[in-house]
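Everything below concerns the one structure shown next.
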Amino acid sequence: MIDFRYHVVSIVAVFLALTVGLVLGASFLKGAAVQNLSDSINSLTAQRNNLQQTNRTQTNSITSLDNYIAGTAPILVQNYLNGDNVVVIEVAGEDPALTAATVALLGKAGAKVTADITVTPQLTATDAPTEATLSGLVTSTLLPLGQNPATGPAAVQAAAVLATALTVQPPPPTDGTGGAGSPTTGATTPPATPPAGAPTQTPTPTGTATGPGTNATPTGMTYPQAQTAIAAFATDRFIAVNTVPAALKPADAAQPTLAFIAAPTTANTPAQNAAYVTLAEALRADGATPVMGGAAENNTAGSSQDGGLLDAALKDGTAAKQIATVDNMNLTIGQVAVVFTLWEADANAMAGSTNPAKHYGSVGPATQGLLPQLSPLPQPTVQPTGTGTPAPPTPTP
């Protein structure tokens, strides 16, 4: 039987152990423990300092590289898009500054922008009145063509019509100046007037074709009908017509062979992504080979995140094969990559290549690297002194 004395002994033993521990800890073990902790702190401090120095070195290196790329970008892209006409589609939610920088490089590469529009959130709104208005607009626009709307929601139908309107072949020039109806720019004024406060530049949408890289005769929508459709979309605020920077010297009315689509930097709804992907696929079918450019936001995956437009395009088996993408347009190298990817896409289309579209970048699930593999530009021909300046080289696909 356990009696009271057993409990007393147990309690005394516990306190004796505590006393011995305190004595030992406060005597010769104290120095060893303190030294061990001090050594650990010194080691961790040294590691932290080394990591901070490494981080500063890498940051400086990245900054220097980005500054170098930014300084040489106009030379890097020079002549790669000579003779190419590009339609620019800015999707609401994209970064305007990054898009502007990329579009400026298109001009440095020799491309001409035939139209620059922004697709507003109104186009993919799901409230009944907006969908009814959009559906009615699509139907009234298509009726003269004897066509039926595309399958799907009103936004998807509208995306297909918008792509056709932006790629209709304008009529041949009639004034002898190289334009189509204007002695200065060749642009014709749309029959309808955009809403008050909207940009005043007249878009110059271009031809409908039967396949990528072609310039076939329009299959239904005429150029005046295309101008009317674009003006109607702008009037109802489904799109905004942007002013093309004067430095780009917008092309006279011409058919685009390429399309640059600036993706939103945040996630979208599935319905929104479906409309935007349809727009890109329709542009391709109408002869303007598309490239989507996406950007990260606040060091996140941006448009490559789950629900982002690039993510949606890559997860769509058909779209991934037809629509090239660049996921790091927030970096200068990504903006350069957009130019080179447009060049590659155009070269493949002109060659009749059936190879799937490529995907470049560093933020999202790109697998082909930062940039396309480029063919070297031919060397300029050396001419004797006094015979004039040699023509600039053109890229060889």
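In what follows, every heavy atom counts, from backbone to side chain, and hydrogens, waters and symmetry copies are set aside.
Contact between L137 and A232 at its shortest, heavy atoms only, is CD1-CB, 3.5 Å. Of all the heavy atoms in L331 and S362, the pair that sits closest is CD1-OG, 4.5 Å. Taking both residues in full, the closest heavy atoms of A158 and L123 are given as CB-CD1, 3.8 Å, listed atom of the first, atom of the second, then distance. When every heavy atom of D327 is checked against every heavy atom of S304, the shortest pair comes out as CB-OG, 3.3 Å. For the residue pair N82 and G110, the shortest heavy atom distance occurs at OD1-CA, 3.4 Å. Of all the heavy atoms in G294 and A263, the pair that sits closest is CA-CB, 4.2 Å.
Considering CD of E90 and CD1 of I261, their distance stands at 11.5 Å, rounded to 0.5 Å. Taken to the nearest 0.5 Å, the CG atom of L283 stands 10.5 Å off from the OG1 atom of T278. Rounded to the nearest 0.5 angstrom, Q53 CD and N50 CG are separated by 8.5 Å. For the atom pair M350 CE and D84 CG, the distance stands at 8.5 Å (nearest 0.5 Å). With values rounded to the nearest 0.5 angstrom, I69 atom CD1 is found 6.5 Å from T332 atom OG1. Summarising the geometry, atom CZ belonging to R48 is positioned 11.5 Å from atom CD1 belonging to I41; distances are rounded to the nearest 0.5 Å.
Remark: the backbone N or O of Q272 is paired with a side-chain donor or acceptor of T269 at under 3.5 angstrom. Using modelled atom types, no side-chain atom of Q368 and backbone atom of Y360 make a donor-acceptor pair closer than 3.5 Å. Of the possible donor and acceptor atoms, none in the side chain of S135 sits under 3.5 Å from a partner among the backbone N and O of E131. Of the possible donor and acceptor atoms, none in the side chain of H359 sits under 3.5 Å from a partner among the backbone N and O of L310.
Counting heavy atoms from C-beta on, the side chains of N67 and T63 come closer than 4.5 Å. Inter-residue side-chain proximity for T130 and Q122 is flagged as met; some heavy-atom pair is nearer than 4.5 Å. Within the 4.5 Å cutoff, the side chain of L162 has heavy atoms near those of the I117 side chain. Taking 4.5 Å as the limit, some side-chain heavy atom of L134 sits within range of a side-chain heavy atom of F233. Proximity of N49 to T45: side-chain heavy atoms (C-beta onward) are separated by under 4.5 Å at one or more points. Here the side chains of I89 and Y276 are not in contact, with every heavy-atom distance at 4.5 Å or above. A heavy-atom distance below 4.5 Å is found between the side chains of W343 and L81.
Residues passing the side-chain hydrogen bond (donor to acceptor under 3.5 Å, both in side chains) test with Q335: none are found, sequence neighbours excluded. Listed by chain and number, the residues in a ring-ring contact (aromatic ring centres under 6.0 Å, His included) with F260 amount to none (sequence neighbours excluded). With sequence neighbours excluded, no residue forms a side-chain hydrogen bond (donor to acceptor under 3.5 Å, both in side chains) with Q373. Looking at residues two or more places apart in sequence or on another chain, you find a salt bridge (charged side-chain N to carboxylate O under 4.0 Å, His left out) between K315 and D306, D311. Partners of S61 according to the side-chain contact (heavy atoms from CB on, under 4.5 Å) rule, which considers only residues two or more places apart in sequence or in another chain, are L65. Listed by chain and number, the residues in a side-chain contact (heavy atoms from CB on, under 4.5 Å) with Q322 are E281, R284, T318 (sequence neighbours excluded). Applying the side-chain hydrogen bond (donor to acceptor under 3.5 Å, both in side chains) criterion to N55, with sequence neighbours excluded, gives no partner residue. Evaluation of the side-chain contact (heavy atoms from CB on, under 4.5 Å) rule for S10 yields Y6 as partners, not counting sequence neighbours. Annotation: side-chain hydrogen bond (donor to acceptor under 3.5 Å, both in side chains) contacts of T118 (sequence neighbours excluded): N242. Contacts of A345 classified as side-chain contact (heavy atoms from CB on, under 4.5 Å), with partners at least two apart in sequence or in another chain: T289, V291.
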Take V77 and F340 through the side-chain contact (heavy atoms from CB on, under 4.5 Å) test and state the conclusion after the steps.
-> CA-CA 7 Å; V77 303; F340 289 155; 4.2 Å; yes

For the pair K358 and T341, evaluate side-chain contact (heavy atoms from CB on, under 4.5 Å) and give the outcome as yes or no after the intermediate values.
-> CA-CA 8 Å; K358 299 294 185 65; T341 305; 5.7 Å; no

Taking it one step at a time, do I323 and D316 satisfy side-chain contact (heavy atoms from CB on, under 4.5 Å)?
-> CA-CA 10 Å; I323 305 168; D316 184 314; over 6 Å; no

From CA spacing to verdict: side-chain contact (heavy atoms from CB on, under 4.5 Å), L309, V277 | CA-CA 8 Å; L309 180 52; V277 170; 4.0 Å; yes

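M329 and L76 fall within the same hydrophobic cluster, where Ile, Leu, Val, Met, Phe, Trp and Tyr residues are linked whenever their side-chain heavy atoms come under 4.5 Å apart, directly or through other members. Under a hydrophobic-cluster definition in which Ile, Leu, Val, Met, Phe, Trp and Tyr are linked whenever side-chain heavy atoms come within less than 4.5 Å, directly or via other members, Y223 and L166 are assigned to the same cluster. By the criterion of side-chain heavy atoms lying less than 4.5 angstrom apart, applied directly or through intervening Ile, Leu, Val, Met, Phe, Trp or Tyr residues, V244 is grouped together with L342 in one hydrophobic cluster. The hydrophobic cluster containing V91 also contains V241, counting ILVMFWY residues as joined when their side-chain heavy atoms lie under 4.5 angstrom apart, directly or transitively. I333 and V326 fall within the same hydrophobic cluster, where Ile, Leu, Val, Met, Phe, Trp and Tyr residues are linked whenever their side-chain heavy atoms come under 4.5 Å apart, directly or through other members.
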For residues 97-109, tabulate all N or O donor-acceptor pairs below 3.5 Å that involve a side-chain atom, not counting sequence neighbours.
residue, atom, partner, partner atom, Å
T99, OG1, E94, OE1, 2.4
T99, OG1, D95, O, 3.1
T102, OG1, L98, O, 2.9

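Neither side chain, T114 nor N85, offers a donor N or O lying under 3.5 Å from an acceptor on the other.
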